[in-house]
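Single-structure report; data block below.
All figures in this text were calculated on a predicted structure; none of them were measured in a lab. Computation of the quantities below employed the complete heavy-atom set of this structure, encompassing side-chain atoms and omitting hydrogens, waters and symmetry-equivalent molecules.
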Amino acid sequence: MEKETTIFGIRAVIEAIKSGENIDKIFLQKGLRGELFTELEHLLNKERLNSSYVPVEKLNRLSKKNHQGVIAQIAPITFHDIEELVTSVIESGKVPLFLLLDQLSDVRNFGAIVRTAECTGVSGIIIQKKGGAPVNGDAIKTSAGAIFKIPICKVDHIKDAVFHMQASGIKVIAATEKTDNTVYDISFKEPCAIIMGSEGKGINPSVIKVSDERAKLPLMGAIESLNVSVACGAFLYEAIRQRR
């Protein structure tokens with residue numbers, strides 16, 4: 001069942017943060033000023049919450065009510081703790097296959113990836129707290145409800161997830177064109193985690209640098225890149241092919 005809630009108003013959002021609500025993203029009106037707004041900004045930085053500054057027109061589309069320049073979206077799911085998730089997957093006896101999304105911003109791509117991940121038996125998806133697509137009703141719709149069936153974790157930075165995977169004996173593979181290795185040159189048979197980058201910039205170079213292996217998809221046409229959700233599907237099904 002979908003459970004998405006929108007909170008509007010500066011004081012209401014401040015109290016929601018302080019009470020520990022599972023806030024997914026906060027939209028702030030550009031140019032907003034005032035003592036209460038400053039308090040909210042300090043709180044956002046302290047809690048490292050996902051936020052963005054937008055024109056008032058966008059806020060008016062999100063809510064017809066008196067939003068005071070601030071709207072927060074409550075996530076319709078409960079996020080998992082990465083350490084607990086990795087431990088439980090390893091202890092289950094299954095060969096781990098994790099997916100790390102480095103600031104992927106398009107909610108439809110995110111939903112499509114979640115759907116494919118659920119279909120391919122991915123152990124869990126790790127996203128970054130800031131800069132990524134919101135986990136909202138559009139993500140639920142695009143995922144065909146798969147978002148409720150696969151564990152999703154949030155971390156401060158994707159590198160935190162990379163280091164935790166490596167410390168847990170899980171190989172980290174970056175999907176990037178900056179390599180000579182294709183996806184078919186890499187072994188997915190052992191415990192592994194695949195990193196997919198954002199639509200425009202790909203994986204952050206600092207994240208690529210700490211990954212264990214890099215792999216790309218061979219492209220035969222004139223277009224130099226694939227949609228990230230399509231590329232992710234190709235990587236996941238190569239992993240499934242090797243493990244069968």
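At a cut-off of 3.5 Å, with distance as the only test, no side-chain donor of Gln128 or Asp156 sits close to an acceptor on the other residue. Checked by atom type, the side-chain pair Asn109/Glu199 shows a donor-acceptor distance below 3.5 Å.
By the 4.5 Å heavy-atom criterion applied to side chains, Ile126 and Ile152 are not counted as neighbours. Within the 4.5 Å cutoff, the side chain of Leu62 has heavy atoms near those of the Phe27 side chain. Val172 has its side chain out of reach of Glu213: every pair of non-hydrogen atoms, C-beta onward, lies at least 4.5 Å apart. Contact check for Thr142 versus Val107: no side-chain heavy atoms found under the 4.5 Å cut-off. Two residues are said to be in side-chain contact when any heavy atoms from C-beta on lie closer than 4.5 Å; Tyr53 and Leu32 fail this criterion. Within the 4.5 Å cutoff, the side chain of Val86 has heavy atoms near those of the Ile90 side chain. Counting only heavy atoms from C-beta outward, the side chains of Glu35 and Thr38 never approach each other to under 4.5 Å. Inter-residue side-chain proximity for Thr182 and Leu217 is flagged as unmet; no heavy-atom pair is nearer than 4.5 Å.
Put simply, OG1 on Thr116 and CZ on Phe235 are 14.0 Å apart, with the number rounded to the nearest 0.5 Å. With rounding to the nearest 0.5 angstrom, the CD1 atom of Ile208 is 6.0 Å from the CZ atom of Arg214. From His157, atom NE2 reaches atom NZ of Lys129 across 13.0 Å, with rounding to the nearest 0.5 Å. Taking NZ of Lys65 as the reference point, atom CG of Asn60 lies at 14.5 Å (rounded to 0.5 Å). Rounded to the nearest 0.5 Å, atoms OG (Ser198) and CG (Asp102) are 6.5 Å apart. Between the CD1 atom of Ile71 and the CD1 atom of Ile26 there is a distance of 11.5 Å, given to the nearest 0.5 Å.
Connection of Leu236 to Met165 is not established within any shared hydrophobic cluster, with ILVMFWY side chains joined at heavy-atom distances below 4.5 Å, either directly or through further cluster members. The same ILVMFWY cluster, assembled from side-chain heavy atoms under 4.5 Å apart, contains both Leu99 and Leu226. The hydrophobic cluster containing Ile150 also contains Ile113, counting ILVMFWY residues as joined when their side-chain heavy atoms lie under 4.5 angstrom apart, directly or transitively.
Counting only distance, with no hydrogens or angles, the side chain of Arg115 and the backbone of Phe110 share no donor-acceptor pair below 3.5 Å. Between the side chain of Asn22 and the backbone N or O of Pro76 there is no donor-acceptor pair closer than 3.5 Å. The backbone N or O of Ile173 lies less than 3.5 Å from no partner atom in the side chain of Asp212, so there is not a single donor-acceptor pair. Put simply, the side chain of Gln242 gets close to the backbone of Phe188: a donor and an acceptor are under 3.5 Å apart.
Applying the side chain to side chain donor-acceptor pair (under 3.5 Å) rule to pairs touching residues 75-85 yields nothing, sequence neighbours excluded. Listed by first then second residue, pairs satisfying side chain to side chain donor-acceptor pair (under 3.5 Å) with a partner in residues 86-95 number zero, not counting sequence neighbours. Within the structure, every pair that satisfies the salt bridge (charged side-chain N to carboxylate O under 4.0 Å, His left out) test and touches residues 177-196, not counting sequence neighbours, is listed here: Lys171-Glu190.
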For this session: Determine, stepwise, if the pair Ile158 / Asn204 fulfils side-chain contact (heavy atoms from CB on, under 4.5 Å).
Result: CA-CA 9 Å; Ile158 287 297; Asn204 188 301; over 6 Å; no
For this session: Could you check Ile74 against Thr6 for side-chain contact (heavy atoms from CB on, under 4.5 Å), going step by step and ending with a plain yes or no?
Result: CA-CA 6 Å; Ile74 305 298; Thr6 299; over 6 Å; no
Problem set entry | Stepwise side-chain contact (heavy atoms from CB on, under 4.5 Å) test for Cys153 and Phe79 | CA-CA 5 Å; Cys153 306; Phe79 294 103; 6.0 Å; no
For this session: Test side-chain contact (heavy atoms from CB on, under 4.5 Å) on Phe98 and Ile194 and set out the steps.
Result: CA-CA 6 Å; Phe98 286 98; Ile194 301 168; over 6 Å; no
Output side-chain donor-acceptor pairs under 3.5 Å for residues 10-19, partner residues at least two apart or in another chain, one line each.
from  : atom 1 : to    : atom 2 : distance (Å)
Arg11 : NH1    : Glu15 : OE2    : 3.3
Lys18 : NZ     : Glu39 : OE2    : 3.4
Ser19 : OG     : Glu15 : O      : 3.1
Ser19 : OG     : Ala16 : O      : 3.0

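A search for salt bridge (Lys or Arg N to Asp or Glu O under 4.0 Å) contacts involving Asp24 returns Lys154, not counting sequence neighbours. For Glu118, there are no salt bridge (Lys or Arg N to Asp or Glu O under 4.0 Å) partners two or more places apart in sequence or in a different chain.
For Arg48, the CZ atom counts as loosely surrounded, since its 6.0 Å shell holds 12 or fewer non-hydrogen atoms of other residues, nucleotides or ligands.
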